[in-house]
2 protein chains.
Amino acid sequence: MSVTNTAVTAQVAGTIPDGPCGDDDCGIRDVLDRLGDRWTVLVIVELSRGVRRFRELERAIPGISQRMLTLTTKRLCRDGMVERIAYPTIPPQVEYRLTETGQSLAAAISALADWSREHKDHIADARRHWDAEHGD
Amino acid sequence: MSVTNTAVTAQVAGTIPDGPCGDDDCGIRDVLDRLGDRWTVLVIVELSRGVRRFRELERAIPGISQRMLTLTTKRLCRDGMVERIAYPTIPPQVEYRLTETGQSLAAAISALADWSREHKDHIADARRHWDAEHGD
DNA sequence: CGGAATCCAGCTAGATACTG
DNA sequence: CAGTATCTAGCTGGATTCCG
């Protein structure tokens, strides 16, 4: 009865604003729906290292299929994160590069990657503990 | 033949380190596999506002099913992001709160949310342009 | 209230084959 | 090389029902 109505909102000061995030997700979901799939982040990371051709991306990202690479780059182009430059040569040559917006996204991803590196051991430990207690 | 071997790696200076990210994903995928699903981020955001009971979370996150709330909180507990405190009362009462690690994740998410807000209009524009050109 | 168990639809993504 | 097309398996998540 104590926590129900008078919400304790002082936990993470200034982290997630209340205003625009009221009921919806302030658009985070749009971004995470992209970042959440298996390949988008890897493509962005690879492109953050420089311009890449289709085949270069494919080789740089082990396990990706042509289909998924096509879909991923296409979606990133659609969202304005990646620019696609096709040279009408034979054989065809297509270059992909991050736009400015794409580069700023890469920076944001990098921040999340930093967080991952800092906490991955802690997470692994937590999982082991949990699995040990709940799996016996 | 010019871009093939001598990779141009100076695009986003100091954004994604080359070292530990060589072939694999430096653990970003572990995190994004969680964050990528429909509900995890919303649960974290809600918990960043304070301690919540199961029903409170359910009501605060429109559209989530009991099943997904259970699964999401359980996974977050397993990863050490959320602490679950069950009071053996009748009816039962269970509280969820972010751990310190969970709070730092909330901060990282907040950074991504900031990025989303800053660029969502730009993305929407890019999509409209793309759809207009490629859908005629 | 706070789940667990079961069943099922839809989408994602992998494999494969074909094309300009 | 850089895709497109098709077919399909598997997983995610929704709805429902039942339990302590």
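Values reported hereafter were calculated over all heavy atoms of this structure, with side chains retained and with hydrogens, waters and symmetry mates removed. Chain naming here is simple, since letters A, B, ... match the order of the sequence lines and numbering starts at 1 in each.
Between A:Val41 and A:Leu112, every side-chain heavy-atom pair lies at or beyond the 4.5 Å cut-off. Between A:Thr73 and A:Val82, the closest side-chain pair of non-hydrogen atoms is not below 4.5 Å. B:Leu98 is not listed as a side-chain neighbour of B:Leu76, based on a closest heavy-atom distance of 4.5 Å or more.
In this structure, A:Arg52 atom CZ and D:dC1 atom P are separated by 16 Å, rounded to whole Å. Atom CG in B:Asp33 sits roughly 16 Å away from atom C1' in D:dG13 (whole-Å rounding). In this structure, A:Asp37 places its CG atom 14 Å from C1' of D:dT12, rounding to the nearest Å. In this structure, the CD atom of A:Glu56 is 16 Å from the C1' atom of D:dG3, given to the nearest Å. One can place CD1 of A:Ile90 at 15 Å from P of D:dG3, the figure rounded to the nearest angstrom.
A salt bridge is absent between A:Arg127 and A:Asp131: the closest approach of a Lys/Arg side-chain nitrogen to an acidic carboxylate oxygen does not fall below 4.0 angstrom. We find that B:Glu46 and B:Arg52 are joined by a salt bridge, their nearest charged nitrogen and carboxylate oxygen being less than 4.0 Å apart.
Residues satisfying the side chain to side chain donor-acceptor pair (under 3.5 Å) test with B:Thr40, not counting sequence neighbours, are B:Asp37. Applying the salt bridge (charged side-chain N to carboxylate O under 4.0 Å, His left out) rule to A:Arg55 yields the partners A:Glu58; only residues at least two apart in sequence or on another chain are considered.
The shortest heavy-atom contact between A:Arg84 and A:Cys77 is CB-SG, 3.8 Å. Of all non-hydrogen atoms in B:Thr99 and B:Gly80, the two that sit nearest each other are OG1-O, 2.6 Å.
Sequence neighbours left out, the pairs with a member in residues 74-117 of chain B that pass ring-ring contact (aromatic ring centres under 6.0 Å, His included) are B:Trp115-B:His119.
Along DNA chain C, read 5' to 3', the first and last nucleotides having any atom under 4.0 Å from a heavy atom of chain A are C:dA13 to C:dG20.
The only option from B:Thr72, B:Leu47, B:Ile64 that meets the side chain to side chain contact (heavy atoms under 4.5 Å, CB included) definition with B:Leu57 turns out to be B:Leu47.
Scanning residues 70-78 of chain A for heavy-atom distances under 4.0 Å to DNA chain D yields A:Thr70, A:Lys74.
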5' to 3', nucleotides 14-20 of chain D under a 4.0 Å protein heavy-atom cut-off (B base, S sugar-phosphate only, - none) gives BBB---B

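Using a 4.0 Å heavy-atom distance criterion, A:Tyr96 is classed as a sugar-phosphate-only contact.
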